[in-house]
2 protein chains.
Amino acid sequence: MTAVRIPHDRRPRADRARQVADVLRQQVVRGAFGTGALPDERLLATEFAASRNTIREALTILRAERLIERVPSVGTLVVNQKYCHGLDRLMGLAEMLHEHGTVTNEVRVAGLLRPPRSVASRLRVPDGGSVIYVERLRRLNGSPLSLDLTYLVPDIGRPLLEQDLEHRDIFALIENVSGHRLGTAEVTVEAVNADAHSAAVLDVPEGAALLVAERLSRLDDGRPVDLEFIRFRGDRLTMRARLSRDEEGAR
Amino acid sequence: MTAVRIPHDRRPRADRARQVADVLRQQVVRGAFGTGALPDERLLATEFAASRNTIREALTILRAERLIERVPSVGTLVVNQKYCHGLDRLMGLAEMLHEHGTVTNEVRVAGLLRPPRSVASRLRVPDGGSVIYVERLRRLNGSPLSLDLTYLVPDIGRPLLEQDLEHRDIFALIENVSGHRLGTAEVTVEAVNADAHSAAVLDVPEGAALLVAERLSRLDDGRPVDLEFIRFRGDRLTMRARLSRDEEGAR
């Protein structure tokens, strides 16, 4: 059989625009245009074998995602560089983004807390025991990137409160304080619309798509010590992972 | 130093509600309540050492995410079970979700296409060469889960067009048609607000948070064969991964 040639012109424009937008989005994320300008509409139309109207509709989609901006008599510019958070290795934010700038943490609250049972059991804290709770708004180069709600086992969390939480990753502090390396973590990632209050804290419109992660980190002896609920701004961060078909795969 | 006790009552209610909502969201995702009812507000207030108003505000956040619903004189019910997409192993959707039901694929378009250069280069297709493009709306038990835009190298994509694309994962078909196992894939994950048209296709409100993945899959000999752009409904899917602190980590 010969493959069917797609009757492009007969598909709804919105379908074609989405197809173009997806490829362009990844080019932006991968830094194909740096923080500079996208090719003009005429060139994009040729490149994608699409009409100018389709290209315009694709650019409208990416503008709504706050990834690009149209600047009159200049062109279409990349306005939001997305940073990549690797899902392969357990790293703190400052450690991961050190090439991109300085991470600072606004500590919104830090102290002792009696956790709900579901948190206590994940951290293996006995019923009625306490944990240390730290809430941080994390900025990269001054602009909000994530809001982190962190529960720590008390023996590690208490001494950590005396450390430089403003400028250092909790991961690095845990390793300092405990004398142990971190081992592994389990992460769950979701896409969630920002509620009004979280949106205000992260400086995005209400309803903006956030990457929400729950991450339970363990010391190298397997003991869970750090449970975090993290809201990342969807317009500033992507996550990247490498998957293997077989369990004994390439890693 | 003794840890500071958090003066709970003096934090804004919205902060406390977010904290409660995050823990409850994960309990729902982990199936702590099955598809049944959440504990009543009074019990939740005790469990979280929070006021009834705080609990109500937390439940409002989760209702806006379409995760739970308040049913008069019944209580607060889990309405959207979220399925877990493992980010550790490269698996097709049907393969991954077989315990949860039947995945069916509505093939919206399938055929030959001359791809933009950025797609061609990732698939190592020479300039001017063609690829096979397949667009599928994927449903689990009849309800939309994801919209997948797939580019395949021509030698594998052409014979694949004759296969049962409606009922089988493209991963399984690639392995059948090529005689090779898949090896690894690189995945990028973002949170994006649904544009109006994608929202209509996926049957979610405009602006709903989507998990958007770009995934380049390779055969076991390292050759890239399948580039996909996938929109998952944020209210129906989470992704899960296991991270290691060291590269030679626990996997």
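Labels below follow one simple rule: chain letters A, B, ... track the order of the sequence lines, proteins then strands, and each chain is numbered from 1.
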Below 4.5 Å from any heavy atom of chain A, which atoms of D15(B) appear? Answer side chain, backbone, both or neither. both
When you compare the side chain of R11(A) with that of E135(B), does any pair of heavy atoms fall below 4.5 Å? yes
Please classify the contact of E190(B) with chain A as side chain, backbone, both or neither, using a heavy-atom distance under 4.5 Å. both
Given side chains that start at C-beta, do those of L87(A) and L87(B) come closer than 4.5 Å, heavy atoms only? yes
Which pair of heavy atoms, one from L149(A) and one from Q19(B), lies closest together, and at what distance? CD2-CA, 3.7 Å
Sort E228(B) into side chain, backbone, both or neither according to what part of it lies under 4.5 angstrom from a heavy atom of chain A. neither
T184(A) side chain reached by R242(B) side chain, heavy atoms, under 4.5 Å: yes
Do F229(B) and R18(A) come within less than 4.5 Å of each other through their side chains, counting heavy atoms only? no
Please examine the side chains of M91(B) and L243(A), heavy atoms only from C-beta on, and report whether any two atoms are closer than 4.5 Å. no
Residues 54-62 of chain A vs chain B, non-hydrogen distance cutoff under 4.5 Å, contacting residues -> I61(A)
On a heavy-atom basis, the closest approach of Y151(B) and V23(A) is OH-CG2, 3.9 Å
Heavy-atom cut-off 4.5 Å, strictly under: side chain, backbone, both or neither for A64(B) against chain A? neither
Check whether R117(B) gets within reach of chain A through its side chain, its backbone, both or neither, counting any heavy atom under 4.5 Å. both
Which region of Q27(B), side chain (C-beta onward) or backbone (N, CA, C, O), has a non-hydrogen atom less than 4.5 Å from a non-hydrogen atom of chain A, or is it both or neither? side chain
Contact leader toward chain B among R233(A), R30(A), R108(A), where contacts are heavy-atom pairs under 4.5 Å: R30(A)
Flag side-chain contact, heavy atom, 4.5 Å: M239(B) against M239(A): no
Heavy-atom proximity to chain A below 4.5 Å, by part of R218(B): neither
Could you check whether any side-chain heavy atom of N193(B) comes within less than 4.5 Å of a side-chain heavy atom of N193(A), counting everything from C-beta outward? yes
Side-chain touch E214(A)/V29(B), heavy atoms, less than 4.5 angstrom: no
Tell me, for L147(A) versus chain B, whether the close heavy atoms (under 4.5 Å) come from the side chain, the backbone, both or neither. side chain
